[in-house]
**Student:** 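I'd like to ask you about the structure that follows.
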Amino acid sequence: MGNRVLVFKTNIEGTDQASKLEILRLRENIYDWSIDLDDHDNILRVEGYNLRTRMIVKLINELGFACQLIARGH
């Protein structure tokens, strides 16, 4: 699966909620992530290698947020 970028639509609002995403840094296969809280879809972009969509969605759901894949790239 190599390096890739996954882009998700979320319901994360505000920096307090976004700060919970720091848990993504604990995953050794994720080397960067960002969230655009100014976008109406609160876009989460995750960069890493061997990323699995289901793993990211499950992790975000476990934090109490909705998360839906909208794009993937290499």
Side-chain angles (χ1 to χ4, degrees):
M1 286 205 165
N3 292 342
R4 70 182 340 182
V5 176
L6 299 177
V7 181
F8 301 90
K9 174 182 176 178
T10 74
N11 67 341
I12 297 167
E13 297 178 354
T15 55
D16 286 343
Q17 289 184 355
S19 69
K20 293 181 179 182
L21 298 179
E22 284 297 322
I23 195 167
L24 294 172
R25 297 206 190 277
L26 300 176
R27 306 294 270 193
E28 61 185 44
N29 63 324
I30 295 174
Y31 54 79
D32 199 16
W33 67 268
S34 62
I35 187 156
D36 184 353
L37 297 173
D38 292 327
D39 185 284
H40 71 279
D41 285 331
N42 302 316
I43 297 298
L44 171 64
R45 177 185 164 120
V46 180
E47 298 178 57
Y49 57 93
N50 296 325
L51 293 177
R52 305 253 193 260
T53 301
R54 278 195 247 174
M55 183 270 299
I56 302 290
V57 170
K58 182 179 180 214
L59 188 60
I60 301 304
N61 290 167
E62 287 174 352
L63 292 172
F65 304 112
C67 181
Q68 177 184 1
L69 181 71
I70 58 173
R72 70 178 78 219
H74 296 280

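Bear in mind that the values here come from a model prediction, so they are computed numbers and not experimental data. One is the number of the first residue; the rest follow in order along the sequence.
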**Student:** Apply side chain to side chain contact (heavy atoms under 4.5 Å, CB included) to residues Asn29 and Met55 and explain how you reach the verdict.
**Tutor:** CA-CA 11 Å; Asn29 63 324; Met55 183 270 299; 4.0 Å; yes
**Student:** Does some side-chain heavy atom of Arg45 sit less than 4.5 Å from a side-chain heavy atom of Val5?
**Tutor:** yes
**Student:** With the threshold set at 4.0 Å, does a side-chain nitrogen-carboxylate oxygen contact exist between Lys20 and Glu22?
**Tutor:** no
**Student:** Is it true that, when you exclude Glu62 itself, more than 12 heavy atoms of the residues, nucleotides or ligands shown sit nearer than 6.0 Å to its CD?
**Tutor:** yes
**Student:** As an exercise, state the distance from OG1 of Thr53 to NZ of Lys58, rounded to the nearest 0.5 Å.
**Tutor:** 14.5 Å
**Student:** Apply side chain to side chain contact (heavy atoms under 4.5 Å, CB included) to the pair Glu13 and Asn42, showing each step before the final yes or no.
**Tutor:** CA-CA 7 Å; Glu13 297 178 354; Asn42 302 316; 3.9 Å; yes
**Student:** Would you compute the distance between atom CG of Asn11 and atom CG of Leu44 and round it to the nearest 0.5 angstrom?
**Tutor:** 11.5 Å
**Student:** Below 4.5 Å, heavy atoms only, C-beta onward: do Leu69 and Val57 meet side chain to side chain?
**Tutor:** no
**Student:** Do Tyr49 side-chain atoms and Glu28 backbone N/O form a donor-acceptor pair below 3.5 Å?
**Tutor:** yes
**Student:** Could you report the tightest heavy-atom contact between Ala18 and Trp33, atom names first, then the distance?
**Tutor:** O-CH2, 3.8 Å
**Student:** After noting the C-alpha distance and the side-chain angles of Leu21 and Ile60, does the key distance pass the side chain to side chain contact (heavy atoms under 4.5 Å, CB included) rule?
**Tutor:** CA-CA 8 Å; Leu21 298 179; Ile60 301 304; 3.4 Å; yes
**Student:** Run the side chain to side chain contact (heavy atoms under 4.5 Å, CB included) test on Val46 and Leu51 for me, step by step, so that the C-alpha distance in whole Å, both residues' side-chain angles and the decisive distance to 0.1 Å come before the verdict.
**Tutor:** CA-CA 9 Å; Val46 180; Leu51 293 177; 4.1 Å; yes
**Student:** Are the side chains of Thr10 and Ile35 in touch, meaning some heavy atoms are under 4.5 Å apart?
**Tutor:** yes
**Student:** Is there a side-chain contact between Leu37 and Ile43 in this structure, where contact means two heavy atoms from C-beta onward sitting under 4.5 Å apart?
**Tutor:** no
**Student:** Starting at CG of Asp41, measure out to CZ of Phe8 and round the result to the nearest 0.5 Å.
**Tutor:** 13.5 Å
